[in-house]
There are 2 protein chains.
Amino acid sequence: MCRLVVEDWKLVIDHHRKNFVAKKGEQIIKEGDPVTGVYFVYQGNVKVHKHWGDKELIVRFANSGKIFGHRGLGTNSSVYPISATALEETSLCFIEMDFFMSTLKMNHDFAFNLMLFYADELQESEKKMRDLALMSVKSRLAVALLQLKGQFGLNSSGHLNLELSKQDLAAYTGATYETVFRMTTELVNEKLISLSGKQIRIINEEKLRFLTEES
Amino acid sequence: MCRLVVEDWKLVIDHHRKNFVAKKGEQIIKEGDPVTGVYFVYQGNVKVHKHWGDKELIVRFANSGKIFGHRGLGTNSSVYPISATALEETSLCFIEMDFFMSTLKMNHDFAFNLMLFYADELQESEKKMRDLALMSVKSRLAVALLQLKGQFGLNSSGHLNLELSKQDLAAYTGATYETVFRMTTELVNEKLISLSGKQIRIINEEKLRFLTEES
DNA sequence: CGAATCGTTGATGAGCTTCAAAACTCGTGG
DNA sequence: CCACGAGTTTTGAAGCTCATCAACGATTCG
């Protein structure tokens with residue numbers, strides 16, 4: 001999907017990137033801070049989230065090959081509209097905004113692909129908007145699990161290939177910890193998923209998907 | 001904001017656009033239909049909305065100078081992810097997708113500006129996502145009213161310069177008709193807004209904005 | 001004028017949040 | 001090896017927000 005963007009990226013900024021590693025739990029971007037540049041994930045997993053008061057909503061996850069901080073672009077924005085926090089040890093590179101912008105102006109293919117990437121992200125975002133507005137928590141949880149399977153895949157034992165706290169799953173689903181917990185046990189009882197420790201396995205993908213379909 | 005895009009647009013497709021008029025209530029795009037092109041609003045107002053079952057969420061409004069149907073772009077999309085319906089008599093132009101894409105590839109400034117436009121829309125979308133997930137209906141209503149003021153401005157009598165049914169206001173707020181009605185009367189009682197007929201006036205913008213601030 | 005649509009209000013309950021306590025886990029040190 | 005405490009998971013109960021349903025008044029329109 002955004003592969004093309006990523007490939008271009010690697011070519012373009014070979015001499016201008018600053019590589020570094022973020023520890024688990026480290027906050028890489030803080031919502032409201034001035035925009036300095038964009039980040040690119042080599043390896044690891046980063047949550048992109050927004051706050052309102054003491055509540056949190058995870059907007060998306062950025063794992064290997066993904067960009068984040070690009071929400072700082074745009075005509076009227078000088079501060080980051082999101083926070084970004086590493087969920088595990090993550091290796092990144094950082095590109096300063098000025099250089100990123102001039103690169104975009106030089107390399108038209110890159111800019112074009114980034115535009116397509118934005119179009120995809122916008123579609124995703126608006127779908128999630130609809131889900132939050134119209135679906136029950138249980139359905140949203142089903143959406144989240146299927147989405148995570150798509151993004152992270154399965155490990156050798158057939159479980160979702162990511163480590164995610166229930167807190168974060170709740171923040172991604174847009175509900176409270178307890179509610180997500182209850183819905184999870186419901187899904188387990190209905191034999192749509194199963195848990196072993198923190199690992200999640202999808203047993204009946206068809207029925208899970210059925211929960212996410214309209215009406 | 002997206003003015004630059006609009007200007008480019010006018011230049012680029014002067015010989016390839018098909019102009020037409022949509023009557024009030026006419027559906028211009030139906031969610032799930034194959035993508036054929038993008039639309040551009042000369043005059044009027046169009047709601048961009050998504051459905052789930054029999055429920056509706058209005059994602060945004062496209063008034064004079066705005067593009068819609070561009071969600072059909074992207075790497076993996078062949079059907080429109082949204083519906084579009086005229087809220088009043090609206091004059092539009094339509095550009096076929098092939099021509100639009102080749103134009104984008106030729107005119108780099110246009111593509112670059114469209115990218116910035118997407119970036120803005122993504123930010124808006126994710127803000128609204130947060131609002132839907134974390135705010136009360138009353139706060140979301142306040143957000144909606146302020147947003148509409150920003151987009152449509154005020155008419156000569158100081159009211160919001162758009163005609164919007166309560167149904168549509170509810171669908172834009174992500175709540176039911178009745179709830180929005182109750183919250184509206186609350187806001188009227190608290191003297192933050194006033195109504196005359198279908199017209200809405202914002203009396204105390206400061207307090208209204210206060211409702212939308214965190215914590 | 002009657003019918004139909006829309007606006008307004010009340011009553012009820014589902015769905016979810018919140019608070020709090022019990023049960024379980026796990027590391028630490030005696 | 002067990003006891004202890006801190007943190008997490010699980011369960012229960014109470015309450016709040018909001019959706020739903022139904023009824024009635026107001027307004028429009030054929």
Side-chain angles (χ1 to χ4, degrees), chain A residues 24-25 51-58 87 129-144 163-190 193-200 211-212 214-215, chain B residues 23-25 51-58 87-88 128-144 159 162-190 193-201 211-212 214-215:
Chain A
K24 180 172 179 173
H51 292 269
W52 200 67
D54 57 350
K55 290 177 180 177
E56 180 196 8
L57 177 75
I58 295 178
L87 292 177
M129 214 165 103
R130 184 206 60 180
D131 296 348
L132 285 166
L134 305 179
M135 282 184 177
S136 67
V137 172
K138 193 168 174 181
S139 292
R140 263 144 52 200
L141 180 58
V143 170
E163 195 92 357
L164 190 63
S165 76
K166 288 250 172 80
Q167 283 292 359
D168 283 334
L169 183 56
Y172 188 53
T173 309
T176 58
Y177 181 89
E178 291 94 327
T179 303
V180 168
F181 174 79
R182 282 175 240 258
M183 295 303 143
T184 305
T185 45
E186 276 192 28
L187 290 179
V188 170
N189 289 338
E190 294 164 3
I193 63 172
S194 70
L195 305 176
S196 37
K198 297 195 172 190
Q199 307 261 65
I200 304 175
L211 284 179
T212 71
E214 47 193 313
S215 173
Chain B
K23 282 189 276 288
K24 182 173 176 172
H51 292 270
W52 199 69
D54 57 350
K55 291 178 180 177
E56 180 196 8
L57 177 75
I58 296 178
L87 292 177
E88 51 192 72
K128 185 152 182 178
M129 214 164 101
R130 183 206 61 179
D131 296 348
L132 285 166
L134 305 180
M135 282 184 178
S136 69
V137 173
K138 193 168 175 181
S139 293
R140 263 145 50 201
L141 180 57
V143 170
H159 295 95
L162 88 164
E163 194 90 358
L164 191 62
S165 75
K166 288 249 174 78
Q167 282 293 357
D168 282 334
L169 183 57
Y172 189 54
T173 309
T176 57
Y177 181 89
E178 292 93 328
T179 303
V180 168
F181 175 80
R182 281 176 240 258
M183 295 303 145
T184 305
T185 45
E186 277 192 29
L187 291 180
V188 169
N189 290 337
E190 294 164 6
I193 63 173
S194 71
L195 305 177
S196 38
K198 296 196 173 189
Q199 306 262 64
I200 304 174
R201 177 202 296 272
L211 283 179
T212 71
E214 47 194 312
S215 175

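The basis for the numbers below is simple: all heavy atoms, side chains too, and nothing from hydrogens, waters or symmetry mates.
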Taking every non-hydrogen atom, the tightest pair across [X] and [Y]:
X	Y	value
A/M183	A/V137	CG-CG1, 4.0 Å
A/E214	B/H51	OE1-O, 4.1 Å
A/W52	B/S139	CH2-OG, 4.2 Å
A/D168	A/I58	O-CD1, 3.4 Å

Length of the [atom1]-[atom2] vector between [X] and [N], whole Å:
X	N	atom1	atom2	answer
B/F181	C/dG7	CZ	C1'	6 Å
B/L57	D/dA19	CG	P	12 Å
A/M135	D/dC18	CE	C1'	19 Å
A/K166	C/dC24	NZ	C1'	13 Å
B/E186	C/dT9	CD	C1'	14 Å
A/L134	D/dA19	CG	C1'	13 Å
B/N189	C/dT9	CG	P	10 Å
B/K198	D/dA26	NZ	P	18 Å

B/T179 side chain to B/A175 backbone, donor-acceptor under 3.5 Å: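 The answer is no, because no donor-acceptor pair under 3.5 Å joins these two groups.
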Check: A/T173 side chain, A/L169 main-chain N or O, donor-acceptor pair, under 3.5 Å: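 Yes: the side chain of A/T173 pairs with the backbone of A/L169.
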Sugar-phosphate, base or nothing in reach of B/S165, heavy atoms under 4.0 Å: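 Counting heavy atoms under 4.0 Å across all strands, no contact is made by B/S165.
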Touch class at under 4.0 angstrom, heavy-atom based, for B/K55 against every strand present: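 Here B/K55 touches the backbone only, sparing every base.
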Base of C/dT18 paired with side chain of A/R182 (donor-acceptor, under 3.5 Å):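 Pair found.
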Pair B/K138 + B/E186, salt bridge at N-O below 4.0 Å: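 B/E186 and B/K138: salt-bridged.
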Neighbours of DNA chain D within residues 167-180 of chain B, by heavy-atom distance under 4.0 Å: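 The answer is B/A175, B/T176, B/E178, B/T179.
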